[in-house]
Protein chains: 2
Amino acid sequence: MQDPETTLRQHDLPVTAQRLAVLRAVAHHPHATADDLAEQVRQKIGAISRQSVYNVLNVLTDKGIIRRIQPAHSPARYEDRVGDNHHHLVCRSCGLTEDVCCAVGAAPCLTAHAHHGFKIDEAEVIYWGTCPSCQKKPR
Amino acid sequence: MQDPETTLRQHDLPVTAQRLAVLRAVAHHPHATADDLAEQVRQKIGAISRQSVYNVLNVLTDKGIIRRIQPAHSPARYEDRVGDNHHHLVCRSCGLTEDVCCAVGAAPCLTAHAHHGFKIDEAEVIYWGTCPSCQKKPR
DNA sequence: TCATTAATTTTGACAAAGTCTAAATCTATA
DNA sequence: TATAGATTTAGACTTTGTCAAAATTAATGA
């Protein structure tokens with residue numbers, strides 16, 4: 001991703017220390033939660049309110065600058081890899097999240113057929129499993 | 001689904017009025033939330049505590065008698081259609097949820113490849129869109 | 001049928017993740 | 001540099017769900 005300041009200006013968003021820091025944190029820590037990101041930002045700029053972290057994440061998500069994913073049993077996670085159709089692989093045990101490219105491009109069953117009269121705009125796929133590290137742990 | 005009482009006994013679960021009522025409510029109202037179900041149960045048997053609704057839903061889910069789905073921006077929803085591989089179609093606007101059969105059976109990209117060393121046990125698919133009724137509403 | 005034991009239900013406190021509001025502060029512009 | 005509008009902050013609040021202890025109920029055997 002390009003310079004965070006440029007990104008913000010391109011989207012008509014006033015540039016603030018909080019926005020820059022959150023955007024950088026998302027870029028450096030893909031799939032982090034709002035809490036994780038707040039922690040990262042505090043290490044960089046000293047302080048940020050919880051509300052501001054949410055404000056910034058929401059406005060960045062709305063503008064399509066970042067993407068929010070919300071697996072079950074997990075708070076929302078954020079990533080700056082937007083615009084492609086990748087999916088996610090989530091560890092049931094520790095929540096570790098990895099990107100997964102669709103192996104065959106547009107898979108047949110993901111085509112947005114006009115099921116039930118819905119206007120479908122996204123097919124979200126989450127693969128659930130156990131990560132290598134959790135496979136090794138007892139029980 | 002068969003007689004709820006038989007179902008409970010088959011799974012070694014003591015039969016209680018609360019369990020019977022919750023199980024019937026799930027059968028009659030697929031994709032309902034815990035709150036919705038509590039409401040339905042109260043109309044049938046008069047009263048049930050919030051905790052009991054959760055207790056029952058959790059034990060039924062653990063036993064595989066019902067299935068829990070948790071789309072983003074929504075509390076958990078429950079259904080008694082278990083054991084097949086159907087997916088869901090959710091309205092972004094009102095949360096209306098419909099079942100979707102995978103049109104082509106086992107789709108290529110849903111095969112559990114050994115990505116990143118994970119042991120994959122489920123490919124969850126949620127189609128997001130707008131339901132017919134919400135398409136008609138102004139904005 | 002009744003007593004007993006183990007499980008379930010209830011009540012109320014608590015927790016996590018987010019949102020809402022108003023006041024204070026800051027950014028962008030002229 | 002002053003100003004207007006947007007952002008940030010602080011703190012209360014909401015929703016969804018869990019925890020723990022006491023009270024109640026179901027299943028079993030005598």
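Since the structure is predicted, the reported quantities are computational estimates derived from the model, not experimental observations. In the text below, chain A, chain B and the rest are named by the order of the sequence lines, each starting its count at 1.
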Whole angstrom is fine here: how far is it from CG in A:Leu20 over to C1' in D:dT7? 13 Å

Ring pair (Phe, Tyr, Trp, His ring centres under 6.0 Å) partners of A:His88, counting only residues at least two apart: A:His31, A:His86

Atom-to-atom span, NZ of B:Lys63 to P of C:dA7 - whole angstrom: 12 Å

Are a donor atom and an acceptor atom from the side chains of A:Asn55 and A:Ser52 found within less than 3.5 Å of each other? no

Could you tell me whether the side chain of A:Gln135 and the main chain of A:Thr130 form a donor-acceptor pair under 3.5 Å? yes

Measuring to OP1 and OP2 of D:dT25, would you say a side-chain N or O of B:Gln18 lies under 4.0 angstrom away? no

Round to a whole Å and report the spacing from CZ of B:Arg19 to P of C:dT10. 12 Å

Rounded to whole Å, the CG-P distance (A:Leu37 to C:dG18) equals 11 Å

Checking A:Gln70 against B:His73: is there a side-chain donor and acceptor pair closer than 3.5 Å? yes

Going by an N to O cut-off under 4.0 Å, is there a salt bridge joining B:Arg92 and A:Glu122? yes

To the nearest angstrom, the CD1-C1' distance between A:Ile48 and C:dT25 comes to 14 Å

Nearest whole angstrom, please: distance from the P of D:dT16 to the CZ of B:Arg68. 15 Å

Greater than 12 external heavy atoms within 6.0 Å of B:His28's NE2: no

Got more than 12 heavy atoms from elsewhere within 6.0 Å of NZ, B:Lys44? no

Let me confirm one number: the CD1-CD distance from A:Ile65 to A:Gln10, rounded to the nearest 0.5 Å. 9.0 Å

Strand-adjacent residues in residues 49-59 of chain A, judged by heavy atoms under 4.0 Å from DNA chain C: A:Arg50, A:Gln51, A:Tyr54, A:Asn58

Hey, what are the protein-to-nucleotides 26-28 of chain C N/O distances that come in under 3.5 Å?
| from | atom 1 | to | atom 2 | distance (Å) |
| --- | --- | --- | --- | --- |
| C:dT27 | O3' | A:Val15 | O | 3.4 |
| C:dA28 | OP1 | A:Arg9 | NH1 | 3.3 |
| C:dA28 | OP1 | A:Val15 | N | 2.9 |

Expressed in angstrom and rounded to an integer, what is the separation of B:Leu8 atom CG from D:dA26 atom P? 13 Å

Distance check needed: C:dA16 P versus A:Arg77 CZ, whole Å only. 16 Å

Got a salt bridge between B:Arg9 and B:Asp12, using NZ or NE/NH1/NH2 to carboxylate O under 4.0 Å? no

